[in-house]
Structure formats: C-alpha cells, structure tokens
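Encoded as structure tokens, the structure appears first; notes follow it.
Proteins get letters first, then strands, A, B, ... in listed order; numbering begins at 1 in each. Because the structure is predicted, anything quoted here is derived from the model rather than measured. Values reported hereafter were calculated over all heavy atoms of this structure, with side chains retained and with hydrogens, waters and symmetry mates removed.
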Number of protein chains: 2
Amino acid sequence: MRPAKISESAVRRLSLYLRVLDAFELAGKTTVSSGDLAELGGMTPAQVRKDLSHFGSFGKRGLGYPVSELRERVTEILGLGRRWRVGLVGAGKLGAALFFYDGFRGQGFDVVGVFDNDPGKIGQHWGRLVVEDIESIDRVVRAARIEMGIIVTPVISAQSVADLLIAAGVGAILNFAPTRLRVPPGITLRNVNLEIELESLAFALTHENGA
Amino acid sequence: MRPAKISESAVRRLSLYLRVLDAFELAGKTTVSSGDLAELGGMTPAQVRKDLSHFGSFGKRGLGYPVSELRERVTEILGLGRRWRVGLVGAGKLGAALFFYDGFRGQGFDVVGVFDNDPGKIGQHWGRLVVEDIESIDRVVRAARIEMGIIVTPVISAQSVADLLIAAGVGAILNFAPTRLRVPPGITLRNVNLEIELESLAFALTHENGA
DNA sequence: GTTCGTTTGTGATTGATTTCACAAGGAAAG
DNA sequence: CTTTCCTTGTGAAATCAATCACAAACGAAC
Ligand SMILES: NC(=O)c1ccc[n+]([C@@H]2O[C@H](COP(=O)([O-])OP(=O)(O)OC[C@H]3O[C@@H](n4cnc5c(N)ncnc54)[C@H](O)[C@@H]3O)[C@@H](O)[C@H]2O)c1
Ligand SMILES: NC(=O)c1ccc[n+]([C@@H]2O[C@H](COP(=O)([O-])OP(=O)(O)OC[C@H]3O[C@@H](n4cnc5c(N)ncnc54)[C@H](O)[C@@H]3O)[C@@H](O)[C@H]2O)c1
C-alpha cells in the first residue's frame with residue numbers, strides 16, 4: 001500500500017512500535033493488541049491502529065496483530081529491510097562517539113566512510129576504516145555508494161560539508177551542528193540540536209510553577 | 001505576560017529566534033522584522049509574530065522588533081537569564097563528548113557533576129571534576145544543587161538512573177538511551193533517540209520516489 | 001450454529017497548530 | 001498636517017493531528 005502522506009511524527013512512532021515488537025517477540029508472544037503496543041510505546045491504542053492502518057490491515061479483529069509478521073512489515077515500511085551506507089563528516093569528539101557506537105549497526109546502518117579536514121586526523125585508523133581527507137569526499141562517497149551523511153563538524157563548516165555531500169549524491173543528512181542548513185528540494189534533512197533540547201528543559205523548569 | 005499554554009514546538013522556535021537574534025546583533029542591526037527572523041529561521045513571518053505575541057507586544061508597527069531588547073526578552077522567557085547546574089550520568093563515549101563540549105556553557109548550562117558505576121571510571125579526573133560513584137548521586141546532586149540530569153548510560157540502567165535523579169530532586173531529564181523512561185508528573189523528560197533519526201532518514205529515502 | 005467477549009479498521013469529531021488577511025499603529029517626507 | 005509606506009498584532013479560516021466511538025470481524029465455548 002502506498003499511503004498519500006505520512007506525517008513525520010507517525011514515522012517516528014513506527015520506529016517505537018518496532019522496538020516494542022522486538023521486545024514482544026523476544027518474550028515469545030505471537031500476537032499483540034493495539035492496547036499492548038500503546039501501553040509500552042506510550043501512546044493510545046487508537047493512534048497505534050490509525051498509524052498502522054495507513055499501510056494496510058495487518059491485524060485480526062478480536063485477536064490483535066501477529067508479532068513477527070507485523071515486525072517484518074514495519075521493518076519493510078521504514079526501509080530497514082536492507083543495510084544503509086552512511087558517511088560521517090567530522091572526526092571529532094562527537095564523531096568518535098557515534099562511530100564507535102555499535103547500536104546503529106544493529107539497526108542496519110553501517111558507517112563506511114569518515115572524513116575530516118585536519119591533517120592530524122586524516123589517515124588515522126578508526127576501526128577498519130581510515131579517516132579520509134574531506135577533499136576526497138566526492139570520490140569516496142561514490143566509490144562506497146554512501147547514501148546518508150552525518151555532519152559533526154563545527155557550525156562554520158557545516159553548510160559547505162552539506163553541499164559537498166549533496167553534490168556527491170547523498171540524499172539524506174543528519175546534522176548535529178547547531179545551525180540551519182539549506183538543502184535543495186528532494187534532500188532529506190534532520191537536525192539534532194542539543195542546545196535546543198536543554199533550553200526546552202530550562203523553559204519547562206522556569207515555567208512549571210506558573211502552570 | 002503569563003501565557004495560557006505554549007506548545008513544545010513554539011518553545012523550540014524561540015530557541016531558534018534567539019540564535020538568529022544573536023547573529024543580527026553581531027551584525028550590528030538594531031531592528032528586525034518578522035520577515036527577517038522568518039527568513040533566517042526557516043519559518044513564516046506570521047508564525048514568528050504569533051509566537052512572540054504569546055508573550056507580549058515587543059515590536060513597533062512599521063518598524064519591526066528592537067534586536068537587543070527582543071533578545072533579552074526571549075532569553076528571559078526561555079529561562080536563560082541565569083545559569084543551570086547539570087548532572088551527567090554515564091561517563092562513557094557519548095558522556096565524554098558531551099562533557100568536553102564547550103557549547104553548552106555558552107548557553108548557560110554548567111555540568112557540575114559526572115557519575116558512573118564502573119570502578120574503572122569512578123575517581124577519574126574530568127576537567128576540574130572527578131567522576132563520582134553513582135551511589136553518591138543523591139548526596140552530590142543535593143550538595144551541588146543540580147537541577148537537570150543527562151542520561152547517557154546503557155538502556156538497561158537508564159530507568160534506575162532516572163529514578164535516582166528524580167529522588168534526588170532533579171526536575172528535568174535529557175535521555176539519550178533508546179528506551180522509554182517513565183517519570184512522575186511534574187518531571188520534564190526529553191528524549192534524544194538517534195536510531196529514530198536514522199530510521200526516519202531511511203524511511204524518507206525509501207519513499208521519496210513514490211512521493 | 002449461536003452466543004459472547006474481544007479487538008480491529010475507520011468515518012466522524014474534537015483539538016491543536018499554522019496560515020491568512022487586514023485593521024491599526026507608527027515613521028518619514030513634503 | 002496629510003499622505004505614503006511598512007510592519008505589527010490578532011481574530012478568522014484552513015490545515016493538520018489525535019481521539020472517539022462503533023459496526024464489522026474473528027475465535028472460543030458449548
Ligand atoms: N561534542 C558534543 O557533545 C556536541 C554537543 C552538541 C553539539 N555538538 C556539535 O557537533 C559538532 C561537532 O562537535 P565536536 O564536539 O565533535 O567538535 P570537535 O571539534 O571535536 O570535532 C569537529 C571535527 O570536525 C572537523 N572539521 C572541521 N571542519 C571540517 C571540514 N570542513 N570538513 C571535515 N571536517 C571538518 C575538525 O577537524 C574536527 O575533527 C559541532 O557543530 C558541535 O556544535 C557537539
Ligand atoms: N555513543 C553514541 O554515539 C550513542 C549514540 C546513540 C545512542 N547512544 C546511547 O547513549 C548511551 C550511552 O552510550 P555510550 O556509547 O556512551 O556507551 P558507553 O558504554 O561508552 O558508556 C556508558 C557508561 O555508562 C556507565 N554506566 C552503566 N550503568 C550505569 C549506572 N547504573 N550508573 C551510572 N553509570 C552507568 C558505564 O560504566 C559507561 O561508562 C547508550 O544508551 C546508547 O544507547 C549512544
């Protein structure tokens with residue numbers, strides 16, 4: 001089924017369902033109800049059903065959803081039925097934390113290229129990879145058929161790095177630099193801005209007694 | 001002005017306005033229009049005006065908003081007119097990246113406590129701090145009057161760490177562990193789940209040709 | 001095969017957020 | 001003082017997202 005338009009938040013909830021389904025499958029359950037999924041995922045049963053119904057009817061009335069089949073379908077919907085090749089730009093503190101984190105591999109994301117512009121970083125061995133010169137990014141992205149980029153450079157370099165990634169054919173970017181990147185239509189951009197997260201906590205703490 | 005209810009997304013936009021205002025102030029401009037703010041912030045002028053109007057009338061018709069005054073007001077609204085004391089739990093890869101990142105200090109957030117449960121980590125000197133035993137978290141949080149917690153432990157420990165932070169009086173938590181934490185009402189929780197971000201990119205790349 | 005208890009799938013409804021559109025305010029120029 | 005040109009502030013309208021509520025479907029029990 002090819003749904004008209006799925007909201008960004010609905011897609012994020014699909015990721016949550018997938019985690020909950022993993023837990024249920026591990027626990028040996030063969031079916032789950034929308035209520036079960038909602039309980040562990042932190043939303044309402046109606047929302048679970050609505051989200052899933054956008055992609056077809058997977059459940060049986062009176063019974064619920066078959067765990068392993070639903071897990072497969074959601075995996076497929078999210079595009080996780082295959083592995084993704086990711087390039088990481090910025091071999092700094094955050095870049096290293098991300099690179100040496102194993103969690104992503106388990107979800108199907110392989111970092112197959114690391115880039116930096118610091119001569120002290122270029123040539124370093126990171127796991128089985130070598131940190132590449134940012135100058136070679138076009139060649140390496142094409143050679144390794146990298147599909148997504150993660151930007152963990154300082155703000156000042158972020159836009160130019162994004163431009164290079166896009167020019168090399170990357171279609172999606174996850175940006176950690178606290179700045180707004182401009183990307184052409186058709187390129188997917190997600191920002192992770194930790195300063196905004198902290199500021200939103202500060203706002204909540206500041207206004208909680210007034211609410 | 002004490003507005004009835006401000007949406008989470010409106011608060012996040014306030015953070016963006018603050019960044020844009022900083023840039024304008026640095027550039028020596030004394031007034032900005034909602035159009036200017038929208039242009040650099042990536043939203044519409046009407047939304048800028050609506051967001052700001054929730055907190056009062058800061059602008060002059062025909063002229064725009066006074067940059068430095070608006071910056072001060074937004075700073076105040078977000079609760080950034082003071083410094084915040086933050087505790088970091090999990091002295092691992094991501095914890096180190098966050099701890100040694102200077103960007104947060106500039107926004108008013110001081111990490112004044114680091115905790116771990118690994119004997120190999122406890123006692124390590126991190127900057128001018130010493131990594132504390134998680135067992136002492138209650139004492140240290142109270143002594144240092146820590147107000148916010150950042151959780152960067154493995155999933156398995158995240159809930160128990162959250163419970164400890166809350167028991168020690170922390171009112172807001174930023175959680176990086178990819179799991180849903182349960183917190184009592186009155187406690188503010190924000191999650192940063194990088195797996196979900198990557199999966200949302202995978203979804204976009206998978207469905208882009210069909211859109 | 002009928003009844004009963006359960007749970008899905010979905011149109012209708014409610015609610016929240018964003019955008020529209022314009023009257024009113026203010027500066028500047030003549 | 002009057003006209004002109006901008007830009008704000010805000011109700012009204014439109015769009016988008018979440019929730020409700022219920023008929024239809026299914027399994028189990030007898
Ligand atoms: N470290 C954190 O915890 C943290 C938290 C929030 C946001 N961020 C943001 O993430 C980004 C990276 O942070 P970090 O702490 O890892 O910084 P860092 O200085 O440790 O690393 C940045 C790396 O990018 C490289 N670089 C600079 N310009 C480049 C270019 N043009 N091409 C390729 N590589 C280039 C540098 O050589 C360096 O190795 C920054 O934008 C920062 O604001 C980091
Ligand atoms: N590293 C990354 O880039 C990355 C990316 C996405 C998500 N995460 C998440 O962030 C968390 C931390 O990741 P990491 O790579 O830094 O892991 P890590 O293993 O390097 O560090 C985790 C630290 O937490 C400590 N710890 C464990 N249990 C504890 C407890 N009960 N109390 C106090 N400290 C405890 C460990 O001793 C260790 O030092 C994990 O939940 C991970 O899933 C990390």
Side-chain angles (χ1 to χ4, degrees), chain A residues 1-17 20-21 24 29-71 73-74 77 196 200 203 211, chain B residues 1-17 20-21 24 29-71 73-74 77 196 200 203 211:
Chain A
M1 179 169 283
R2 173 60 37 81
K5 187 70 202 308
I6 300 299
S7 76
E8 174 56 23
S9 36
V11 173
R12 302 173 83 86
R13 283 194 297 271
L14 287 182
S15 289
L16 292 177
Y17 301 150
V20 177
L21 286 169
F24 274 110
K29 301 215 33 154
T30 58
T31 58
V32 276
S33 68
S34 56
D36 296 337
L37 281 170
E39 175 76 17
L40 273 83
M43 61 279 300
T44 65
Q47 183 152 68
V48 172
R49 293 199 298 276
K50 186 68 105 189
D51 285 341
L52 295 177
S53 77
H54 288 132
F55 300 95
S57 307
F58 310 125
K60 280 211 176 17
R61 298 176 184 211
L63 194 58
Y65 300 88
V67 172
S68 77
E69 189 193 317
L70 183 59
R71 206 181 61 84
R73 286 294 291 121
V74 175
I77 290 165
I196 289 183
S200 125
F203 177 87
Chain B
M1 180 170 284
R2 174 61 36 81
K5 188 70 204 305
I6 301 300
S7 75
E8 173 57 24
S9 35
V11 173
R12 302 173 83 87
R13 283 194 298 270
L14 287 182
S15 289
L16 292 177
Y17 302 151
V20 176
L21 286 168
F24 273 110
K29 301 212 38 151
T30 58
T31 58
V32 276
S33 68
S34 57
D36 296 336
L37 281 170
E39 175 76 17
L40 273 84
M43 62 280 299
T44 66
Q47 184 153 67
V48 173
R49 294 200 297 277
K50 187 67 105 189
D51 284 342
L52 296 178
S53 77
H54 288 131
F55 300 96
S57 308
F58 310 124
K60 279 210 178 13
R61 297 175 184 213
L63 195 57
Y65 300 89
V67 172
S68 77
E69 189 194 316
L70 183 59
R71 206 181 60 85
R73 287 294 291 120
V74 175
I77 290 164
I196 289 183
S200 126
F203 177 87

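Taking each heavy atom of Leu14(A) and Phe55(A) in turn, the nearest pair found is CD1-CE1, 3.7 Å. Summarising the geometry of Glu8(B) relative to Ser200(A), their closest heavy-atom pair is OE2-OG, 3.6 Å, with the distance given to 0.1 Å.
For the pair Glu39(B) CD and dT7(D) C1', the interatomic distance rounds to 16 Å; values are reported in whole Å. Here dT8(D) presents its C1' atom at 17 Å from CZ of Phe55(B), a figure rounded to the nearest Å. Here dT7(D) presents its C1' atom at 14 Å from CG of Leu70(B), a figure rounded to the nearest Å. Atom NZ of Lys50(B) and atom P of dT15(D) are 16 Å apart (whole Å). Distance, Arg49(B) CZ to dG11(D) P: 14 Å, rounded to whole Å. Distance CE (Met43(A)) to C1' (dA18(D)): 12 Å, rounded to an integer number of Å. Distance NE2 (His54(B)) to P (dT10(D)): 10 Å, rounded to an integer number of Å. Atom CG in Leu63(A) sits roughly 7 Å away from atom C1' in dG27(D) (whole-Å rounding).
When the side-chain nitrogen and oxygen atoms of Tyr65(B) are compared with OP1 and OP2 of dG9(D), one or more of them lie within a distance under 4.0 Å.
Closest contact between the side chain of Arg13(A) and the listed nucleotides dC26(D), dA18(D), dG9(D) involves dA18(D).
The 5' end of DNA chain D is approached more closely, in terms of each residue's nearest nucleotide, by Ser7(A) than by the other of Arg61(A) and Ser7(A).
Distance alone, capped at 3.5 Å, is enough to place a donor-acceptor pair between the Asp36(A) side chain and the Ser33(A) backbone.
Taking 4.5 Å as the limit, every side-chain heavy atom of Phe203(B) sits out of range of all side-chain heavy atoms of Arg12(A). Residues Asp51(B) and Ile6(B) have side chains not in contact (no heavy-atom distance under 4.5 Å, counting atoms from C-beta outward). By the 4.5 Å heavy-atom criterion applied to side chains, Leu16(B) and Met43(B) are counted as neighbours. The closest side-chain heavy-atom distance from Val11(B) to Ile196(A) is not below 4.5 Å.
Along DNA chain C, read 5' to 3', the first and last nucleotides having any atom under 4.0 Å from a heavy atom of chain B are dT17(C) to dG26(C).
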